Each structure stands twice: as C-alpha cells, then as structure tokens.
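Here's the structure, in structure tokens; my notes come after.
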Amino acid sequence: MRNITDIDDKIIDQAKANGEPITELTERTIERFHQDTAALGCLEPDVEPRATEHVPLMIRMIETLIRQSVAYEAEGHVLFHVPAMPSYGRLSGRSRDDQIAGARVEVAPYKRDAADFVLWKPSTAEQPGWDSPWGRGRPGWHIECSAMSAHYLGVPFDIHGGGIDLVFPHHENEIAQSCCAHGTADFARYWLHNGFITVDGEKMSKSLGNFVTVADVLDELPGEVFRFWMLGAHYRQPLDYSEGAMAQAKAGLDRLYRTLENLDDVAASDQAPPPMEVVGALLDDLNTPRAIAGLHLLANEANKATRPQERARLKRQLLDGGRLLGLLTQDPRQWLQGDTTDAQAIQALIDERNAARAARNFARADAIRDELKAKGIVLEDGPQGTTWRREG
RNA sequence: GGCCCGGUGGCAGAGUGGUCAUGCAGAGGACUGCAAAUCCUCGUACGUCGGUUCGAUUCCGGCCCGGGCCUCCA
C-alpha cells in the first residue's frame, strides 16, 4: 500500500498562494505523481488511501491514545506525550538527551514535554477542518500514516519504506503512536530507508535552482534508463544525477538489449531455472547493483553461448532477471532502433549496400554505410544478415 | 553544537580480514572486405595518520572531507 497525505499545512499554504481549491492542487499533484511512477516502471500498489478520506479513523486512534494517557488535550491541540513511550528514539538512535542538546526550535508553551508532538490541531474558519471531540480541526503530524496502515495492513506489518530524511521525526512518531495505540512492541518489522538524489554533487533544492523533475528527465530519455541508473546504486546510498550518469546508464542498458537482440534466433526456454545471480542479490537486502552485475554476467554467457538450448535458457534467465528489476521490458529491436518511421528507407539502402557488397563494389557499400552513419545509424553485418540501430 | 551515514581504480558502483565484483571509458589482441557488435587480455583502487593482527581496503581510534537529521515539514 502507498499512503497519500493530501492535507497538511504546506498544501494549505500552496493552494492559497495559487488561489485554487486544495483538492484541485492535490488532484493535479497526485495525477502527475502517477504518471511519473508509471513511466519509471513502478508497480501500482493494491491500495492507495488518502488522508482526507480517513479522518474518522485518525480521530478514533487519537481517542484511544488519550484514553491510554499517552496523549492529552491542550489549547485545542492534542499532543502525544513522548516520555510515555520509553523506547522512543530507538529507530533513529536518538536519546532524549541528544534531542534536548540539539534542540534549536522554540518549544510551544502548551507542551508538557519539549519532545511532545501534535496529533490534532485546531483549524481557523478558512482552513480545512473536520469536527472532532476537540473542536473543528485537522490531523497533526503523522497520524494519517499510522491510522491508514493499521486499517489496511494491521499492526505490526512487515516492511515500511521511506526516505532517509523521514527517520526522524516522522517514522519515530508513527512508531510511538502505533505501538501505544495497539499495544505492540513493533510497528513495522523492517524499515527500508532510501538515500537521496543529488544533482551534480549538490542537494536538489529550489533555492539552488538545480531542481530536476522526473518529467524533465523523461523528456530526454526512456524511463527505463532512469530506472536502470537508480537501481545501479544500493537503495540506501545517495545517488548523484548528471547527464553523464544518464549516458552511462544508457550505455549499460544498451548492452543488455544488444545481447537480447543477438538472441533473436531462439525462443526463451520455458524450463530455465531462476537466474540466481539476480535473485540471490535481491534476497540480500535488495542489492540491486549486484543484481544488475548478475544480468551482465548472464549477458556475457549468452554472448559466448553457441548451443541453441543454452541460448534459449540464457534468454529466459536474462528476461526473468530483468523482469524482477522492472528492466528489459521493451522489444530489443525497438529499443535499439527507436523511431522506425524511416525503417523502409533504411532497409532499402541496406539492400542496395548488400547487393554492392555481393558485387564486390566496396566503394559504393562504404558510401552507404557513411551516409547512414551521418544520420546516426550504425549497420552491423552479422551471420544472419545486416541489422541496424541508432547510436547514442 | 548534538546524533547518524559515507569517502573504493579515469567515471559509476558492489564487496571482503589473506583468489574475481560488474558496467562505462581507455589500451592491446581475435574476428571482420571495411565497420560495428562480440570475445580474450590489461591497468600497482580502496581519504589520512596510528593501533590490533602472521596479514587490513575490510576491525578499533584520531584527523580531514562530503552528506543527512536535530520536533507542529510530510
């Protein structure tokens, strides 16, 4: 499942700045997000609940927390009392002392403890709000994630993902709310936190003007190249975006597609064993770089293999390994040739060149090669005849 | 300032106490009418200074550099 937080103060402010209704802003943003994830080859979640549609769940959860005396009402707010949760800080490795020592934000006067955080906050007349036992207001911090995941998955569930920047306070607070509300020791059994993407070595930020959107990238190259690049580093590591990095990713992925194209003469076997080079790597904390290396190992084997049976096996394994990573999903020829509107003209020239070669008129043959080369088209004379692809 | 993560060959990027990552780029060779692709071979890689060890890129500590978080931002 994938939660969508479609109500928070940032959204309220942005909608106000745009002079548009909140739902217009959130609908547009969500739609764009869906387009991007689809283009990157992400699988769709089974459920994608929205916070605004689950406010009653959150209110019930907050009531539970108050009943258990781990939350309290103060000046129209409801706050979670962090000292009530002894293991608070375990995920992020922060002790209470660390937090007090590092605090640099003023503490709201209605908090009983500096670390307490908001579960519910009052809304003014212009702000969106829902009726609650504490008056008209809106959910505070991160209660939506706790409420929705408990509702759809139960507590504890297996894996919780998110960016490394969310570890504290977002995930820490989710844990506190959920474990207290459900009386469990764990909220999620495993946490996967992904590293950041930087641009040319610097953190992406609007103020630096080095902001690159997925849509920007996809204007320049196929989503699969971007995906291949991202999977080329372990999820926990930071990744630096640059045009050079994209070119390298394209080159690497092209090699795999060339190998598949070379396997064009055989059908993928239907009784090949799973590609353990890839599977084993993924089983090891989603080691996608090693999984991709596994793909290259298979490609190397395939490029050397001569027996049809072996080639059929390797083709299957390559495709299966790729599928596990969401890669190699395109038709290889299509991938390598791209736009095929001029395919007939190209083929005519290839035919003419082969006739010239047969007549040992190499001057004419080379002239045709040069002519196509100038258009970015590379010819390859193989045992099965001449094929072409676009360069770069 | 506090807490945490990382610094690997030209580039990207895994990993390990003592044989190999892998890819891109580069060099040489095989193959090819030419070319491309492919295959083979190659480059004294592990920030720095110490320590532990028979042996450290891998463990420990100091230092330098980079990044992240530090509470009503999800």
Side-chain angles (χ1 to χ4, degrees), chain A residues 3-11 13 51 77 79-80 82 89 92-95 97-108 110-111 113-121 138-142 144-145 162-174 193 195-196 198 201-203 228-229 231-234 236-240 242 244-256 258-259 261-262 277 281 284 287-297 299-300 302-304 336 357 360-363 365-366 369-370 373 377-382 386-389 391:
Chain A
N3 296 341
I4 291 193
T5 301
D6 55 352
I7 177 71
D8 71 22
D9 289 359
K10 238 184 211 169
I11 296 171
D13 292 346
H77 295 70
L79 294 112
F80 184 92
V82 167
S92 55
R94 279 159 205 270
S95 70
D97 292 346
D98 293 342
Q99 286 163 56
I100 292 163
R104 48 170 206 204
V105 177
E106 228 176 287
V107 177
Y110 48 79
K111 284 187 179 183
D113 186 277
D116 291 354
F117 58 89
V118 168
L119 298 170
W120 188 265
K121 65 208 290 187
R138 57 192 192 280
W141 292 34
H142 324 295
E144 78 285 358
C145 288
I164 189 93
D165 56 327
L166 299 179
V167 173
F168 186 89
H170 183 53
H171 292 158
E172 203 68 74
N173 292 351
E174 276 187 63
H193 288 113
F196 281 133
T198 56
E202 285 185 301
K203 186 185 173 183
F228 184 83
W229 166 71
L231 295 176
H234 187 73
R236 220 181 298 116
Q237 296 305 128
L239 253 185
D240 189 52
S242 67
M246 291 305 108
Q248 276 201 18
K250 173 80 164 57
L253 191 52
D254 279 351
R255 172 174 192 255
L256 297 176
R258 274 196 304 268
T259 300
E261 196 197 24
N262 292 339
E277 302 88 335
D284 183 12
N287 193 330
T288 53
R290 228 177 77 207
I292 287 176
L295 247 28
H296 282 295
L297 259 24
N300 180 258
N303 287 329
K304 285 190 282 191
L336 295 167
R357 289 171 72 209
R360 306 200 61 80
N361 180 358
F362 294 122
D366 290 348
R369 175 189 288 290
D370 292 343
K373 171 100 178 170
I377 291 160
V378 179
L379 300 184
E380 297 182 1
D381 298 325
T386 302
T387 57
W388 64 274
R389 63 185 165 84
E391 224 172 17

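Being a predicted model, the structure only gives us computed values, none of them experimental. Labels below follow one simple rule: chain letters A, B, ... track the order of the sequence lines, proteins then strands, and each chain is numbered from 1.
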* Out of B:rC72, B:rC39, B:rG6, whichever nucleotide has its closest atom nearest the side chain of A:N303 -> B:rC39
* Spacing of A:I164 atom CD1 relative to B:rG68 atom P, expressed in whole Å -> 12 Å
* Asked: If we take the P atom in both B:rC40 and B:rU22, what is their distance in whole Å?
  -> 11 Å
* A:K304 or A:A363: which one's nearest nucleotide on RNA chain B is closer to the 5' end? -> A:A363
* Structure fact -> The residue, A:T259 or A:D9, whose nearest nucleotide of RNA chain B is more 5′ is A:T259
* B:rU58 to B:rG51 separation - C1' atoms, rounded to the nearest Å -> 15 Å
* Assess whether one donor atom and one acceptor atom, taken from the side chain of A:N287 and the base of B:rG15, lie less than 3.5 Å apart. => no
* **Residues A:E391 and A:K373 bridged, charged N to O under 4.0 Å** => yes
* Structure fact -> Those residues at least two apart in sequence (or on a different chain) that pass side chain to side chain contact (heavy atoms under 4.5 Å, CB included) with A:D9 are A:I12, A:K121, A:R138
* Write down the distance separating the C1' atoms in B:rU19 and B:rA35, rounded off to the nearest Å. => 39 Å
* Residues in side chain to side chain contact (heavy atoms under 4.5 Å, CB included) contact with A:L231, at least two apart in sequence or another chain -> A:R227, A:T288, A:I292, A:L325, A:L327
* Does a side-chain heavy-atom distance below 4.5 Å link A:E380 with A:T386? -> no
* Asked: What does B:rC72 pair with, Watson-Crick or G-U, if both distances are under 3.5 Å?
  -> none
* To do: Output yes if the stacking criterion (under 5.5 Å between centres, under 30° between planes) is met for A:F362 over the base of B:rG33, else no.
  => yes
* **Nucleotide forming a Watson-Crick or wobble pair with B:rG66, both distances under 3.5 Å** => B:rC5
* Asked: Looking for any heavy atom pair under 4.0 Å, which part of the strands does A:A233 touch: base, sugar-phosphate only, or nothing?
  -> sugar-phosphate
* For A:K111, report the nucleic acid contact type (base, sugar-phosphate, nothing); a contact means any heavy atom under 4.0 Å. => base
* Asked: Which part of the nucleic acid does A:Y110 contact within heavy-atom distance under 4.0 Å: base, sugar-phosphate only, or nothing?
  -> base
* What is the distance from CD of A:E172 to P of B:rC4, rounded to the nearest Å? -> 14 Å
* **For atom CG of A:L79 and atom P of B:rC72, their distance in whole Å** => 11 Å
* Just say parallel, tilted or perpendicular for the rings of A:F117 and A:F80, cut-offs at 30° and 60°. => parallel
* Which value, in whole Å, describes the distance between the C1' atoms of nucleotides B:rC11 and B:rG26? -> 11 Å
* **Complementary nucleotide of B:rA35, counting Watson-Crick and G-U pairs under 3.5 Å** => none
* To do: Compare the minimum distances between each of B:rA36, B:rC72, B:rA74 and the side chain of A:V118, then state the nucleotide with the smallest one.
  => B:rC72
Tabulate protein N/O versus nucleotide N/O from nucleotides 20-27 of chain B, keeping only pairs under 3.5 Å, one per line.
from	atom 1	to	atom 2	distance (Å)
B:rG23	N2	A:Q248	OE1	2.9

* To do: Give a yes or no on whether the backbone of A:G89 and the side-chain of A:E172 come within a donor-acceptor separation of less than 3.5 Å.
  => yes
* Once you round it to whole Å, what is the distance between P of B:rA74 and CD1 of A:I4? -> 15 Å
* Asked: Got a salt bridge between A:D254 and A:R258, using NZ or NE/NH1/NH2 to carboxylate O under 4.0 Å?
  -> no
* Closest to the A:D366 side chain: B:rC72, B:rC34, B:rG13? -> B:rC34
* Return yes if the base of B:rC34 and the side-chain atoms of A:D381 contain a donor-acceptor N/O pair under 3.5 Å, otherwise no. => yes
* Asked: Just by distance, do the side chain of A:N303 and the backbone of A:A299 share a donor-acceptor pair under 3.5 Å?
  -> yes
* To do: Grab the CG-P distance between A:L166 and B:rG68 for me, whole Å please.
  => 14 Å
* Does a donor on one side chain sit under 3.5 Å from an acceptor on the other, for A:H193 and A:H171? -> yes
* Taking the P atom of each, how far is B:rG9 from B:rG15, in whole Å? -> 16 Å
* **Given B:rC72, B:rU71, B:rA36, the nucleotide with the shortest approach to the side chain of A:E380** => B:rA36
* **A:R369 CZ to B:rC34 C1', straight-line distance once rounded to whole Å** => 6 Å
* Asked: Separation of A:L119 atom CG from B:rA74 atom C1', in whole Å?
  -> 15 Å
* To do: Quote, to the nearest angstrom, the P distance that separates B:rA45 from B:rC20.
  => 11 Å
* **Spacing between A:L231 atom CG and B:rA14 atom P, to the nearest angstrom** => 12 Å
* To do: Look through every strand shown and name the nucleotide pairing with B:rG26 as Watson-Crick or G-U wobble, where both distances are under 3.5 Å.
  => B:rC42
* State the pairing partner of B:rA56; accept Watson-Crick or G-U wobble contacts with both distances under 3.5 Å, and report none otherwise. => none
* To do: Quote, to the nearest angstrom, the P distance that separates B:rU16 from B:rG47.
  => 16 Å
* Structure fact -> As its Watson-Crick or G-U partner within any shown strand, both distances under 3.5 Å, B:rU16 has none
* For atom C1', what is the distance between B:rG61 and B:rU53, given to the nearest Å? -> 16 Å
* To do: Look at the rings of A:H77 and A:Y110 and say which category their plane angle falls in: under 30° parallel, 30 to 60° tilted, over 60° perpendicular.
  => parallel
